[in-house]
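Everything below concerns the one structure shown next.
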There are 2 protein chains.
Amino acid sequence: MTEPRPRPQAGEVSVAELTSTLEEFTRMFIRLPKVQRLSFTTLSVLHTLAGRGPQRLTALAAGEQVSQPAITQMVTKLQHEGLVERRPDPSDSRAVLVHITPAGRAIVEGRRADRIAHLTELTGRLTPEEWAPIVAALPALRRLVELDRQLEQEKRS
Amino acid sequence: MTEPRPRPQAGEVSVAELTSTLEEFTRMFIRLPKVQRLSFTTLSVLHTLAGRGPQRLTALAAGEQVSQPAITQMVTKLQHEGLVERRPDPSDSRAVLVHITPAGRAIVEGRRADRIAHLTELTGRLTPEEWAPIVAALPALRRLVELDRQLEQEKRS
DNA sequence: GTTCCTTATATAAGTTGCTTATGCAGATGC
DNA sequence: GCATCTGCATAAGCAACTTATATAAGGAAC
């Protein structure tokens with residue numbers, strides 16, 4: 001508690017408020033009608049592949065916090081459904097690069113469309129005075145996500 | 001990085017950006033070391049009970065988007081672990097009200113503490129110019145969560 | 001290049017958490 | 001008072017995870 005902090009105490013309170021607000025928000029945001037019998041983790045993998053390009057199985061396992069065999073099994077299933085492809089990694093012949101297919105990308109984009117529709121309905125009920133600060137916070141929120149990835153990189157080394 | 005001039009329909013673009021930003025944010029936010037063999041849905045139920053008070057099994061099932069037997073089984077397990085209690089509903093003797101115990105609440109608060117620690121580390125790396133807009137957006141974000149609950153109420157009737 | 005350790009993936013077997021189907025008891029409507 | 005609905009429990013099956021282990025390629029050391 002007496003550890004030196006780069007921020008005065010008021011910031012601490014705000015972080016706590018940010019946390020609980022985001023806990024609520026996250027729960028609302030995740031809750032979506034189940035799509036095509038795909039599990040939560042599966043959808044997250046598709047999202048990762050769509051957003052960050054082809055990945056190794058081990059990278060996916062680490063990112064999703066599940067075991068490597070779980071990813072192997074999931075990718076096998078997704079492959080049979082035509083949502084991803086396994087391709088050899090030219091730089092390492094033990095490894096596999098999982099690529100998303102157009103059909104897989106369509107699922108990710110469909111879900112995003114659902115969320116956009118949902119948020120459009122909600123934000124449409126905000127006054128301009130409420131809406132403006134959310135838009136203003138977007139770059140900083142993206143920066144937080146970026147910092148999180150950096151932090152994880154640092155911890156891995 | 002060059003933003004177009006603010007136009008009347010600029011909100012549409014912002015909602016899409018908000019959606020993708022929150023998709024990323026959500027994935028970062030959820031990823032937490034596994035606590036005490038409790039599943040994602042289980043933790044969500046504990047969070048609901050801690051935040052909104054005692055609930056019926058059917059209400060929990062609806063809120064978590066899982067089947068009623070799934071909640072019955074989960075609550076039975078949580079009861080044996082001392083994290084929740086089943087009490088009769090005085091207004092309906094078929095029904096059960098699930099109450100969270102102090103031990104259950106401790107788990108929810110522990111996870112919040114972990115998230116606060118994580119976000120404290122991240123936000124500590126932000127400049128004050130980046131941090132301020134996030135704090136400024138908090139009331140509006142809470143308002144969005146509130147609107148979501150209203151909307152769900154309306155749809156239920 | 002041979003040996004040894006590490007890394008990337010696959011397979012096997014078991015466990016857990018969900019599902020649908022069904023039953024029962026109390027509430028509700030006429 | 002009877003029929004129907006609602007809230008919960010139980011049973012059986014399935015899907016998605018787990019740990020343990022196997023296989024094969026990469027990399028370092030000598």
Side-chain angles (χ1 to χ4, degrees), chain A residues 30-49 53-81 83-99 104 107 156-157, chain B residues 30-49 53-81 83-99 104 107 156-157:
Chain A
I30 286 176
R31 217 184 303 150
L32 263 189
K34 308 227 162 165
V35 179
Q36 207 176 322
R37 307 239 170 238
L38 298 175
S39 76
F40 179 75
T41 309
T42 301
L43 290 166
S44 185
V45 164
L46 288 177
H47 185 109
T48 301
L49 293 175
Q55 303 276 325
R56 291 191 180 176
L57 292 175
T58 43
L60 289 174
E64 306 299 333
Q65 309 239 14
V66 295
S67 67
Q68 170 264 313
I71 296 290
T72 293
Q73 293 163 8
M74 175 196 304
V75 165
T76 301
K77 206 181 136 214
L78 287 176
Q79 201 173 12
H80 290 146
E81 292 169 355
L83 302 180
V84 305
E85 285 176 4
R86 254 184 248 250
R87 298 194 199 160
D89 183 342
S91 74
D92 186 338
S93 59
R94 297 168 302 175
V96 163
L97 282 179
V98 184
H99 291 245
I107 288 184
R156 228 188 293 282
S157 52
Chain B
I30 286 176
R31 216 185 305 149
L32 263 189
K34 309 229 162 162
V35 180
Q36 207 176 325
R37 306 237 170 240
L38 297 175
S39 77
F40 179 74
T41 309
T42 301
L43 289 166
S44 184
V45 165
L46 288 177
H47 185 107
T48 300
L49 293 175
Q55 303 277 325
R56 290 193 182 175
L57 292 176
T58 43
L60 289 174
E64 306 299 335
Q65 309 237 13
V66 296
S67 66
Q68 170 264 310
I71 296 289
T72 293
Q73 294 163 6
M74 176 196 303
V75 165
T76 301
K77 206 181 136 212
L78 287 176
Q79 202 173 11
H80 290 146
E81 293 169 353
L83 302 179
V84 304
E85 285 176 3
R86 255 184 248 249
R87 297 193 200 161
D89 182 341
S91 74
D92 186 338
S93 58
R94 296 169 302 176
V96 163
L97 282 178
V98 184
H99 292 245
I107 287 184
R156 227 189 293 282
S157 54

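Naming: A, B, ... by sequence-line order, numbering from 1 per chain.
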With a 4.0 Å cutoff (strictly under), does any side-chain N or O of [X] reach OP1 or OP2 of [N]?
X	N	result
B/Lys77	C/dT16	no
B/Ser93	C/dA27	yes
A/Arg37	C/dC18	no
B/Thr76	D/dA9	no
B/Thr72	D/dT10	no

Between [X] and [Y], what is the shortest heavy-atom contact and its length?
X	Y	value
B/Leu49	B/Gln55	CD2-CG, 3.7 Å
A/His99	A/Leu97	CD2-O, 3.3 Å
A/Ala61	A/Gln68	CB-CA, 3.9 Å

Please report the distance, rounded to the nearest Å, between [atom1] in [X] and [atom2] in [N].
X	N	atom1	atom2	answer
B/Leu60	D/dC8	CG	P	9 Å
B/Arg56	C/dG26	CZ	C1'	12 Å
B/Phe40	D/dA15	CZ	P	22 Å
A/Gln79	C/dT9	CD	P	13 Å
B/Ile71	D/dT10	CD1	P	16 Å
A/Met74	C/dT9	CE	P	14 Å
A/Gln55	C/dT9	CD	P	11 Å
A/Leu43	D/dA16	CG	P	11 Å

Describe the nucleic acid contact of [X] in one word from base, sugar-phosphate, nothing, applying a heavy-atom distance below 4.0 Å.
X	result
A/Ala95	sugar-phosphate
B/Ser67	base
B/Thr41	sugar-phosphate

**Item:** Of the listed nucleotides C/dA21, D/dC17, D/dC8, the one nearest the side chain of B/Pro69
**Value:**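 Of all the options, the side chain of B/Pro69 is nearest to C/dA21.
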**Prompt:** Hey, is the side chain of A/Arg94 pairing donor to acceptor with the base of C/dT9 inside 3.5 Å?
**Reply:**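 Counting by modelled atom types and ignoring angles, no donor-acceptor contact under 3.5 Å is found here.
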**Request:** Classify the side chain of A/Gln73 and the base of D/dT18 as holding, or not holding, a donor-acceptor pair under 3.5 Å.
**Result:** yes
**Request:** Taking B/Thr76 for its side chain and B/Thr72 for its backbone only, find out whether a donor-acceptor pair lies under 3.5 Å.
**Result:**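 Indeed, once roles are kept as given, a pair shorter than 3.5 Å links the two residues.
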**Asked** If you pin A/Asp92 and A/Gln65 to their nearest nucleotides in DNA chain D, which one's is more 5'?
**Response**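 It is A/Gln65, whose closest nucleotide lies nearer the 5' terminus.
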**Prompt:** If you pin A/Ser91 and A/Ser39 to their nearest nucleotides in DNA chain D, which one's is more 5'?
**Reply:**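 Going by which nucleotide is closer to the 5' end, it is A/Ser39.
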**Item:** B/Thr48, B/Leu60, B/Leu78 screened by side-chain contact (heavy atoms from CB on, under 4.5 Å) with B/Val98, the one that passes
**Value:**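 Output: one option passes, namely B/Leu60.
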**Request:** Report yes or no: do A/Glu64 and A/Thr41 form a side-chain donor-acceptor pair below 3.5 Å?
**Result:**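 Looking only at side-chain atoms, A/Thr41 and A/Glu64 do not form any donor-acceptor pair under 3.5 Å.
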